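None of the values given here were measured: they were computed from a predicted structure. Per chain, numbering begins at 1; letters A, B, ... match sequence-line order.
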Number of protein chains: 2
Amino acid sequence: MQSDELARPTLADVAARAGVSASTASLAFSGSGPVSDATKERVLAAAADLGYAGPDPRARSLRRGRSGIVGVVLEERIRDAFLDPVNIQMLDGITEGIAPLGAGLLLLTDTGEAGGNAVGIESAPVDAVVLIGCSPRLGHSVEALRRRGIPAVAIEGAAGEDIPEISIDNREATRRGAEYLRELGHTDVALVTLPFDADRTRGELTPELIAGSTADTASERLAGARLVFPDAGGRVAATSSIEEGREAGLTLLADSATRPTAIIAQSDLLAAGVINAAEELGIAVPAELSVLGFDGIRVDGLQHDLTTLAQPSVSKGRAAGEAVVQLLAGRPGESVCFTSTLHVGDTTAVPHHR
Amino acid sequence: MQSDELARPTLADVAARAGVSASTASLAFSGSGPVSDATKERVLAAAADLGYAGPDPRARSLRRGRSGIVGVVLEERIRDAFLDPVNIQMLDGITEGIAPLGAGLLLLTDTGEAGGNAVGIESAPVDAVVLIGCSPRLGHSVEALRRRGIPAVAIEGAAGEDIPEISIDNREATRRGAEYLRELGHTDVALVTLPFDADRTRGELTPELIAGSTADTASERLAGARLVFPDAGGRVAATSSIEEGREAGLTLLADSATRPTAIIAQSDLLAAGVINAAEELGIAVPAELSVLGFDGIRVDGLQHDLTTLAQPSVSKGRAAGEAVVQLLAGRPGESVCFTSTLHVGDTTAVPHHR
DNA sequence: ACCCCCGATCGAATCGATTCGGCCTAGAAT
DNA sequence: ATTCTAGGCCGAATCGATTCGATCGGGGGT
């Protein structure tokens, strides 16, 4: 017990006890290479005797040049990033995608240079990295990765040259959704968008905010909507949440004289919030207000079948994971752009004749 | 460019180019030890020239014996674990707690032995591990950690001997909440509980299910409620979600003749679902039905100030993180049991006189 | 003018496992 | 019976950085 504390046994100790060389013992563990069953058994027995818990992953990764860890870089604090089920689904997809690697997932946030000897993006023992929804602000991190020779894959965010990009048809999908609303007869449409900048400025949708955008997703979805409704105004939410959607909705719907007949929300959570706001104000959905979401998640607690642009979040994550696998195998990673499908639920209808 | 690909520069290369020894170059980077400014600058310049991205974390961790990574073991799939904001908050707390370490968070799921050379709990390059809500099923993993000499901290779940435990007063808190309901005058109370087993069996709250419980949290909270309402029956949810709460609520409230005047839910999400169910059935909360939650999270989209037992989730995480820091410093980790506070919101009231 | 001491630098050992080339021996082929 | 073959095992180099003890040189004390 105490000797365990003082000196954990190493492979060499095990080998000595088993009466074989370290190299043989190694083979016995890793399985690759010709080792007689008898010997292997002896080594394993010796290991058990000594309480040896298997090769030290640190030494192994130094020698092998692989750590078996894939980094996931989130732009926000964990708390914020995981607020939206979409991100969680993507994470799940990534897990699936890298399953053949048997690698672990290391959570990294891109909060500038990690102080001291912290394990930041510039010095994490990762074999590859998945960048999630990262803005150009990540430039230097990407540069660091390139220098370190660590392959990367970006989800929803241009990262640069040789970095495969997994994305969806944000603009086109939103355009289709908007088109659908127009076909229903809507002409007076308002938007509730995701934040455009890292500060998450909330408020009215102004040209200034749009111009200063660092968020591709928000910009693209906006552009798509404006292809159909060029003059559509609206509100910018600070984050993708029901509460933010509700606040935006309350503002947009406050004045019954000027309120729109349809609202395009850039996420399902926001859409759910808008619906809540409408119900609070006694506005019937979809009879008096149509609401279009984006994501295609099941919003926990929402008693509507949201009309939305369903994006394959899990597939996105999986594709990213698979690209990582390719990259690590030395093959070029494949960029993929998924297509969202318009799911028509019960939150959209022909406009109410006021 | 191509030479970069063929051979990434090492510290030795940098040292050679700077005209110093590897040891000096190392000091220049790690900062510890006396190095003249001139030399340091020369080394850094050489590094820049060569495109050296800093010391290899793998080699560093082998030598230092520390990887700078803390593992977080979740019992469920990522998707499930992150469904409940409580878990995310705890993760956030852990991040805060281990901040002084500057360590990264490695996500591990305890899905049995990881196949092949996968990075499982038995072979992850982690300095310490936080076990979240883990059942006895984790026994062998804990054993592996012990053998490897990796310190661990458990949140909500007895893990064994020398493992510090971070928990809350599940039983006592629930008892207080139940007491409060009784003081209000409620006598007819039903429960909506978290799942009792790994299978997440949904259904009626039966003695069999309770007897076969592997989930301390659910059992303890149940016990607390029954200290006040010994005969309270109810429903077992399959997971902590609004939707599950709603289904349970619909069942419990279906028969207006026998329906309870109050429902004790074991999580805020479940409580929110119960409230939704009540509203769907035209039952006013709190006038006709009191609802008590557990957790004290802000349920996104819920337009009620939930009466609930607020537990300090972030603090729990932080305490776990701090315990990890202690453990890694060679000091004994401290077990902590936090106290939940009864937050009286607007979802409880004196029972409706039928 | 001499000696001591301290700061800067270097060499070499070390962390623990993997892997490649070589050697030895037992069994097969001729 | 001899040679060939191949499986099984070992030795030694290697992965890349850290760190301890030793060395060297120059400024301060007397």
If you restrict it to nitrogen or oxygen atoms, what contacts under 3.5 Å exist between nucleotides 7-10 of chain D and the protein, and what is each distance?
residue : atom : partner : partner atom : Å
D:dC9   : OP1  : A:S36   : OG           : 3.2
D:dC9   : OP1  : A:T39   : OG1          : 2.3
D:dC9   : OP2  : A:S36   : N            : 2.9
D:dC9   : OP2  : A:T39   : OG1          : 3.3
D:dC10  : OP2  : A:S21   : N            : 2.8
D:dC10  : OP2  : A:S21   : OG           : 3.3
D:dC10  : OP2  : A:T24   : OG1          : 2.6

Please report the shortest heavy-atom distance between A:V70 and A:A103, naming the atom on each side.
-> CG2-CB, 3.9 Å
Do you know which two heavy atoms are closest between A:R58 and B:L62, and how far apart they sit?
-> CB-CA, 4.1 Å
First contact, last contact: which nucleotides of DNA chain C are these for chain A, 5' to 3', heavy-atom distance under 4.0 Å?
-> C:dG16 to C:dT19
Identify each donor-acceptor pair in which a side-chain atom of residues 39-48 of chain A lies under 3.5 Å from a protein atom, sequence neighbours left out, and give them as a table.
residue : atom : partner : partner atom : Å
A:T39   : OG1  : A:S36   : OG           : 2.7
A:R42   : NH1  : A:A18   : O            : 2.5

B:D216 meets the salt bridge (charged side-chain N to carboxylate O under 4.0 Å, His left out) criterion, sequence neighbours left out, with none
Contacts of A:E322 meeting side-chain hydrogen bond (donor to acceptor under 3.5 Å, both in side chains) (sequence neighbours excluded), chain-then-number -> none
Would you please name every residue forming a side-chain hydrogen bond (donor to acceptor under 3.5 Å, both in side chains) with B:D127, sequence neighbours left out?
-> B:S67
Is there side-chain contact between A:V130 and A:V73, with heavy atoms separated by less than 4.5 Å?
-> no
